[in-house]
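So the structure is just underneath, and the comments pick up after that.
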Amino acid sequence: MMKVKVYITLRESVLDPQGSAVRTSLHALTYNEVQDVRIGKYMELTLSKTEEDVDARIKEMCEKLLANTVIEDYRYEIEEVVSS
Amino acid sequence: MKFACIVFPGSNCDVDMFHAIRDELGEEVEYVWHDEANLDRFDAILLPGGFSYGDYLRSGAIARFSNVMDAVIKAANEGKPVLGVCNGFQVLLEAGLLPGAMRRNQNLKFICRPVTLVVENNETMFTTGYELGEEITIPVAHGEGNYYCDEATLKSLKDNKQIIFTYKNNPNGSISNIAGIKNEKGNVIGMMPHPERAVDQLIGSNDGLLLFKSILRNWREAHVLNV
């Protein structure tokens with residue numbers, strides 16, 4: 001089995017109103033060193049072993065459904081899970 | 001003229017849309033559940049607002065892959081009028097029938113109130129009943145109506161006169177004050193404001209009714225002789 005960790009964030013060029021609100025709130029708590037906050041999504045997919053090209057399959061999943069590439073970027077990590 | 005009112009799990013403006021067509025416009029309309037695969041018997045397709053599939057993942061992202069969407073895309077390719085309102089607009093964006101995407105409203109609030117729209121293009125099958133530049137009052141009700149597209153897309157929207165409605169006073173941060181757009185061909189339109197909630201003076205405005213009347217009139221001119 002494999003665990004895939006998918007991270008989705010708004011593209012750099014897209015304003016993140018939620019992130020700005022959280023930054024303002026952090027500043028109110030005197031964490032003035034916080035320059036920017038970007039809010040995104042984190043997903044964990046558990047995959048069964050497959051003969052197919054895992055990278056290509058995950059990219060497809062991200063671009064078809066998990067991320068909207070008009071406004072979002074995605075990246076992912078694949079971990080082998082040793083089943084006992 | 002026969003309208004399809006598409007119902008996804010979580011749609012909640014379907015009844016208003018149905019009422020607007022049957023009782024105010026006086027035409028035939030049928031609810032169509034999201035797993036139906038054939039829309040050939042309809043002349044126009046309506047995607048109402050709501051929170052399809054709970055808006056999980058992103059607004060419209062899951063609805064876009066429901067069975068009925070292949071039929072909606074087919075109808076769009078055949079040139080039938082397709083209107084997406086609010087969540088319906090978001091579904092059309094996710095399906096790639098219209099360009100761009102929606103972000104959270106700039107002020108992070110769910111905005112629910114009547115707004116003033118400016119008619120930017122009255123030469124579409126949805127807007128011939130309006131005057132160019134006319135100001136109309138139609139309610140919005142959304143948390144994610146902050147339209148976004150890149151510079152190149154915005155330029156092509158402007159060049160092809162695809163921007164149909166703009167907000168007079170932008171409520172949500174939408175790029176270029178965009179409230180509604182059409183596809184290049186002109187038969188698919190998406191808008192955040194709810195014309196189906198503005199079909200009777202009794203509830204504040206009937207400015208939305210002209211949109212449905214425009215669809216009907218243009219369809220009759222194209223399909224029915226001796227009108």
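Quick note: numbers below take in every heavy atom, side chains included, and nothing from hydrogens, waters or symmetry partners. Computed from a predicted model, the values in this text were never measured in an experiment.
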Point-to-point distance, once rounded to the nearest 0.5 Å, from CG of Asn68(A) to OG of Ser59(B): 10.5 Å
Within 6.0 angstrom of Phe65(B) CZ, more than 12 heavy atoms from elsewhere: yes
Ala21(A) versus Leu108(B), closest heavy-atom pair with distance: CB-CD1, 3.4 Å
Least distance between heavy atoms, Leu57(B) atom then Leu66(A) atom: CD1-O, 3.9 Å
CD/Glu151(B): more than 12 non-hydrogen atoms of other groups inside 6.0 Å: no
Shortest non-hydrogen contact from Leu65(A) toward Ala61(B): CD1-O, 3.6 Å
Step-by-step side chain to side chain contact (heavy atoms under 4.5 Å, CB included) determination, Arg58(B) to Lys41(A): CA-CA 11 Å; Arg58(B) 288 182 310 278; Lys41(A) 295 178 192 140; 3.5 Å; yes
Over all atoms of both residues, closest heavy-atom pair of Val70(A) and Gly100(B): CG1-C, 3.9 Å
Residue pair Arg104(B), Leu15(A): steps toward the side chain to side chain contact (heavy atoms under 4.5 Å, CB included) verdict: CA-CA 10 Å; Arg104(B) 286 284 291 276; Leu15(A) 274 177; over 6 Å; no
Largest heavy-atom contact set with chain B, pairs under 4.5 Å, which of Met43(A), Glu72(A), Arg11(A): Glu72(A)
Tyr31(A) atom OH, neighbour heavy-atom count above 12 within 6.0 Å: no
Which portion of Asn105(B) sits near chain A, non-hydrogen atoms under 4.5 angstrom: backbone
Glu44(A), CD atom: more than 12 neighbouring heavy atoms under 6.0 Å: yes
